[in-house]
Amino acid sequence: SKAPIAIIGTGIAGLSAAGTLHNAEQAVHLFDKSRGSGGRMASKRSDAGSLDLGAQYFTARDRRFGETVRQWQTEGWVDQWSPNMYQCRDGQLTPSADEQLRWVGTPTMSSITRGLLGELPVTFSCRITEVFRGEQYWTLVDATGASHGPFSHVVVAVPAPQAAALLASAPKLAAVAASVAMEPTWAVALGFAAPLYTALEGCFVQDDALDWIARNRSKPGRDGALDTWVLHGTSSWSRQHLDLPKEAVIERLHGAFAELIDCVVPAPEFTLAHRWLYARPAQAHEWNALADASLGLYACGDWCLSGRVEGAWLSGQEAARRLLENL
Ligand code: FAD
Ligand code: NAD
């Protein structure tokens, strides 16, 4: 039998590619350094229930992605989230309702990638550090020095700075990945014993510190006793405070939140901070995916397109399409 295709990364890009390859009857094997799937669209289990610390929701503007999201809805993996939307400019908080359809995983963000992964073979807690090609096949080496293989092709589906090292066999692809700057985001979750006295459920902010506020508990299917909120720092604030201790990040963003919102904010019962080093590409690209078809090496991810869930999914589709075209 043939050697399978290795896919590094079980975020939405890697799983988008995996599904298409699997449907085309290609054997795949996935790897992820984390203990579960989802990457930046995973949810975190906590004492305050499940929290969306990364992707908050997603929109579907591409027709194919829109149809796929409808299928996910039929599977029960996603639902619409229609937050009471606000915006904040120069400290002025105003309602900002719109007609945009916004989707979230249910009951947690991870439901989508967990559903897509299904029974596909995967190795978690396995950080790949090296990808090299022998005469005919590919071998992967992980951080413990263990080898995995042989594989017929490799799809690298990780953020650009991490992809660059794994693409070393194809210096041109590695150089493209290395050219992508990715910006960090500090995320803070707060949980309050009594619901905050506000109608606000989502808020676009353009302040010094805060970029976005969400009432996590207002998303469909979220459990937990506390009124949970997620705050995101702007790229520039997060970059400037990259090494601030978590306690200080919580204090600063909690303070900015309390100042901005139209109600009393008591001391939270629960707090948590998470630093995303490679949260978003500094700018959008139009590469779709990267490929060295003669080698059998492919790269995909949000950084190849729009830096959004939709872009990551489309990039995974494109990597799989190009691989199949070259079989
Ligand atoms: P990732 O999700 O990063 O997946 C890569 C996977 O590869 C990860 O699981 C990682 O563990 C694994 N990995 C990395 N290196 C290795 C290695 N060496 N070996 C093995 N495994 C490895 N998008 C939206 O559309 N709407 C939003 O509201 C939104 N908000 C966001 C807020 C934040 C704070 C962040 C961080 C992102 C947000 N995004 C949002 C962006 C969205 O989350 C991403 O575009 C999308 O999830 C990226 O998917 P991906 O598969 O390309 O990469
Ligand atoms: P979207 O259409 O809801 O939002 C796009 C942008 O339009 C918003 O950032 C906001 O500036 C503006 N906007 C939309 N609705 C608004 C309203 N009612 N009032 C005021 N402004 C409004 O969603 P999208 O295009 O899918 O974008 C995804 C979101 O994810 C963006 O907000 C983006 O900033 C965010 N994101 C964050 C990160 C991160 O690392 N923090 C990474 C990727 C994406």
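In listed order, ligands and their atoms are each counted from 1. What you see below is based on every heavy atom in this structure, not just the backbone, and it leaves out hydrogens, waters and symmetry mates. On a predicted model such as this, the values are computed, not experimentally measured, just so you know.
Taking every heavy atom of Asp98 and a limit of under 4.0 angstrom, the matching atoms of ligand 2 come to 15 (N), 16 (C), 17 (C), 18 (N). Remark: ligand 2 atoms within the under-4.0 Å shell around heavy atoms of Arg102 are 3 (O), 14 (C), 15 (N). With ligand atoms numbered from 1 in the order given, ligand 2 contributes 18 (N) to contacts under 4.0 Å with heavy atoms of Met85. Set against the non-hydrogen atoms of Pro159, the atoms of ligand 1 under 4.0 Å away are 3 (O), 5 (C). Of all atoms in ligand 1, listed by their number and element, those nearer than 4.0 Å to a heavy atom of Gly301 are 52 (O). Every atom of ligand 1 with a heavy atom of Gln162 under 4.0 Å away is listed here by number and element: 14 (C), 15 (N).
Of all protein heavy atoms, the one closest to atom 32 (C) of ligand 1 is Gly54 O, 3.3 Å. Looking at atom 25 (O) of ligand 1, its nearest protein heavy atom turns out to be Val309 N, 2.9 Å. The closest protein non-hydrogen atom to atom 32 (O) of ligand 2 is Phe204 CE2, 3.6 Å. Thr59 OG1, 2.6 Å is the protein heavy atom nearest to atom 26 (O) of ligand 2. Closest protein heavy atom to atom 43 (C) of ligand 2: Gly307 O, 3.2 Å. Atom 52 (O) of ligand 1 has its closest protein heavy atom at Asp302 N, 3.0 Å.
At a 4.0 Å cut-off, at least one heavy atom of Ala157 sits close enough to ligand 1 to count as contact. Heavy-atom distances between Arg61 and ligand 2 reach below 4.0 Å in at least one pair. The shell of residues lying under 4.0 angstrom from ligand 1, judged by heavy atoms, includes Cys126. Contact analysis puts Gly38 in contact with ligand 1, with a non-hydrogen atom separation below 4.0 angstrom. Judged by the shortest distance from any of its heavy atoms, Leu53 lies inside the 4.0 Å radius around the atoms of ligand 1.
By the 3.5 Å distance cut-off applied to N or O atoms, Lys33 is counted among the residues near ligand 1. Considering backbone and side-chain N/O of Ser96, one or more are found under 3.5 Å from N/O of ligand 2. For ligand 1, none of its N or O atoms has an N or O atom of Thr10 under 3.5 Å away. The shortest N or O to N or O distance between Ala279 and ligand 1 is not below 3.5 Å. For Ala13, a nitrogen or oxygen atom sits less than 3.5 Å from a nitrogen or oxygen atom of ligand 1, counting backbone and side chain alike. In terms of polar-atom proximity, Asp32 is counted as a contact of ligand 1, with an N or O under 3.5 Å from an N or O of the ligand. Residue contacts with ligand 2: Arg308 is placed with a nitrogen or oxygen under 3.5 Å of a nitrogen or oxygen of the ligand (distance criterion only). Inclusion of Thr185 in the set of residues having an N or O under 3.5 Å from an N or O of ligand 1 is not warranted. When only interatomic distances are considered, the shortest N/O to N/O separation between Arg40 and ligand 1 falls below 3.5 Å.
Not one N or O on the side chain of Glu119 forms a donor-acceptor pair closer than 3.5 Å with the backbone of Leu117. Under a 3.5 Å cut-off, the side chain of Ser315 and the backbone N or O of Gly311 do not form any donor-acceptor pair. Under the 3.5 Å distance criterion, the side-chain polar atoms of Ser96 are left unmatched by any main-chain donor or acceptor of Met85. Judged by distance alone, with hydrogens and angles left aside, the side-chain atoms of Ser111 form a donor-acceptor pair with the main-chain N or O of Thr108 at under 3.5 Å. The closest donor-acceptor contact from the side chain of Arg215 to the backbone of Thr198 lies under 3.5 Å. Asp227 places no side-chain N or O within 3.5 Å of a backbone atom of Arg217 that could act as its donor or acceptor partner. Not one N or O on the side chain of Asn216 forms a donor-acceptor pair closer than 3.5 Å with the backbone of Leu53. Put simply, the side chain of Asp32 gets close to the backbone of Thr10: a donor and an acceptor are under 3.5 Å apart.
Ranked by closest heavy atom to atom 41 (N) of ligand 2, the top entry among Thr185, Leu101, Thr94 is Thr185. Between atom 36 (N) of ligand 2 and the options Glu310, Arg280, His232, Gln87, the minimum heavy-atom separation is to Arg280.
Note: Trp237 and His241 have parallel aromatic rings, judged against thresholds of 30 and 60 degrees for the angle between ring planes. Using cut-offs of 30° and 60° on the angle between ring planes, the pair Phe58 and Trp72 is perpendicular.
Contact between Ala160 and Ala177 at its shortest, heavy atoms only, is CB-O, 3.5 Å. In terms of heavy atoms, Ser37 sits closest to Thr113 at OG-OG1, 3.0 Å. Across every non-hydrogen atom of Ala284 and Ser306, the tightest pair is CB-CA, 4.2 Å. Taking each heavy atom of Phe151 and Ile5 in turn, the nearest pair found is CD2-C, 4.1 Å. Residues Arg280 and Arg40 share a closest heavy-atom pair of N-NH1, 4.4 Å. Between Tyr298 and Leu167 the shortest heavy-atom distance is O-CD2, 4.4 Å.
Residue contacts with ligand 2 for Gln56 are absent, since no atom lies close enough (heavy atoms, distance under 4.0 Å). Contacts between His232 and ligand 1, counted as non-hydrogen atom pairs separated by less than 4.0 Å, involve the side chain only. Under 4.0 angstrom from ligand 1, the non-hydrogen atoms of Arg127 come from both its backbone and its side chain. Of the heavy atoms in Tyr57, only side-chain atoms (C-beta onward) come closer than 4.0 Å to ligand 2.
Counting non-hydrogen atoms of neighbouring residues, nucleotides and ligands closer than 6.0 angstrom, the CG atom of Asp262 exceeds 12 such neighbours.
Between Arg70 and Glu67 there is no salt bridge, since no side-chain nitrogen of the basic residue lies less than 4.0 Å from a carboxylate oxygen of the acidic one.
There is no protein heavy atom closer than 4.0 angstrom to atom 6 (C) of ligand 2. Closer than 4.0 Å to atom 30 (O) of ligand 2 lies none of the heavy atoms of the protein. There is a protein heavy atom closer than 4.0 angstrom to atom 13 (N) of ligand 2.
Atom-to-atom distance recorded for Ile7:CD1 and Cys300:SG is 8.0 Å, nearest 0.5 angstrom.
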CA sep, side-chain torsions, deciding dist, call: Trp212, Phe204, ring-ring contact (aromatic ring centres under 6.0 Å, His included)
CA-CA 5 Å; Trp212 163 256; Phe204 296 103; 5.1 Å; yes
